[in-house]
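This chain uses plain numbering: 1 for the first residue, then up along the sequence.
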Amino acid sequence: MIIFGMTLNEILIVSALILILIDIFFVSDFPTHLAYILLTFTLAKEINMPLFYQILFGVLIWFALIIFHYTIWRKVIEKINDRFIAPRKHIGGIEGFIGKEGVIKEVEGEKFISINDELHQFETDKEIIVGNRYRILNTKSNKLII
C-alpha cells in the first residue's frame, strides 16, 4: 500500500524520526515514547514468525529502546539543550556554589564552610578538618553537600 509515494513502513519510520526531532526542541518524553512505539510496531511486524513471537520480539525491542532512552538519549538531549538551544547563563542561589571550593570554619562550636567570605551549612559523610578546603558536590535542603 503506497500513500504519498511511500509505503506504510516508510511513513511510520519518518513519523518516528520527526517525533524524535521534536523531542530535541520540546523537552518532553511523550514524543519520543510515541516514536519508540511506532518503531517497535514497524520492526516487529516485519519479523517473519507467528504473531506470538512478533509480540514477544516487539516487547523486547520496546524495552531495549526504553533502556536506551533513559541511559543515553536523555543525557544527550540535555547536553544539546544546555549548550545550543537554551544555554544556562546564570545559576543563582546555593546551586551556584556547586563545583566551587570552600574552607571549613568553626563558629561557636559549629562547623560551616566559607565560600566568598560567606558561611554556609553543609552535610557530609567524610571526616571534616577545620581549615581544610573542600569541594561542593551538590545541594540538599538549603545545605551544601561536600
Any side-chain heavy-atom pair of L65 and W73 under 4.5 Å: no
With sequence neighbours excluded, residues passing ring pair (Phe, Tyr, Trp, His ring centres under 6.0 Å) with F84: none
Could you go through residues 5-17 and list every donor-acceptor pair under 3.5 Å that involves a side-chain atom there, pairing it with any protein atom two or more places apart or in another chain?
unit_1	atom_1	unit_2	atom_2	d
T7	OG1	E10	N	3.3
N9	OD1	K45	NZ	2.9
N9	ND2	E46	OE2	2.7
E10	OE1	T7	N	3.0
S15	OG	I11	O	2.8

Within-4.5 Å side-chain heavy-atom neighbours: L51 and Q54: yes
Within-4.5 Å side-chain heavy-atom neighbours: K100 and N116: yes
Atom of L38, atom of T42 and distance for their closest heavy-atom approach: O-OG1, 2.8 Å
Partners meeting side-chain contact (heavy atoms from CB on, under 4.5 Å) with E108 (sequence neighbours left out): none
ILVMFWY cluster, L60 and Y70 together (side-chain gap under 4.5 Å): no
Side-chain heavy-atom pair L19, D23 within 4.5 angstrom cut-off: no
Whether H69 and H33 hold their rings parallel, tilted or perpendicular, with breakpoints at 30° and 60°: tilted
Minimum heavy-atom distance T71-I67, with the two atoms named: OG1-O, 2.7 Å
Results of ring pair (Phe, Tyr, Trp, His ring centres under 6.0 Å) for F97 - residues two or more places apart only: H120
Exercise: identify the closest heavy-atom pair between V103 and G131: CG1-O, 3.7 Å
Over all atoms of both residues, closest heavy-atom pair of A35 and I20: CB-CG1, 3.6 Å
Partners meeting side-chain hydrogen bond (donor to acceptor under 3.5 Å, both in side chains) with W62 (sequence neighbours left out): none
Atom OH of Y53: over 12 foreign heavy atoms under 6.0 Å: no
For residues 134-146, run the donor-acceptor check on the side chains, cut-off 3.5 Å, and write out each pair with its distance to 0.1 Å, sequence neighbours left out.
unit_1	atom_1	unit_2	atom_2	d
Y134	OH	I129	N	3.1
R135	NH1	G99	O	2.6
R135	NH2	E101	OE2	3.2

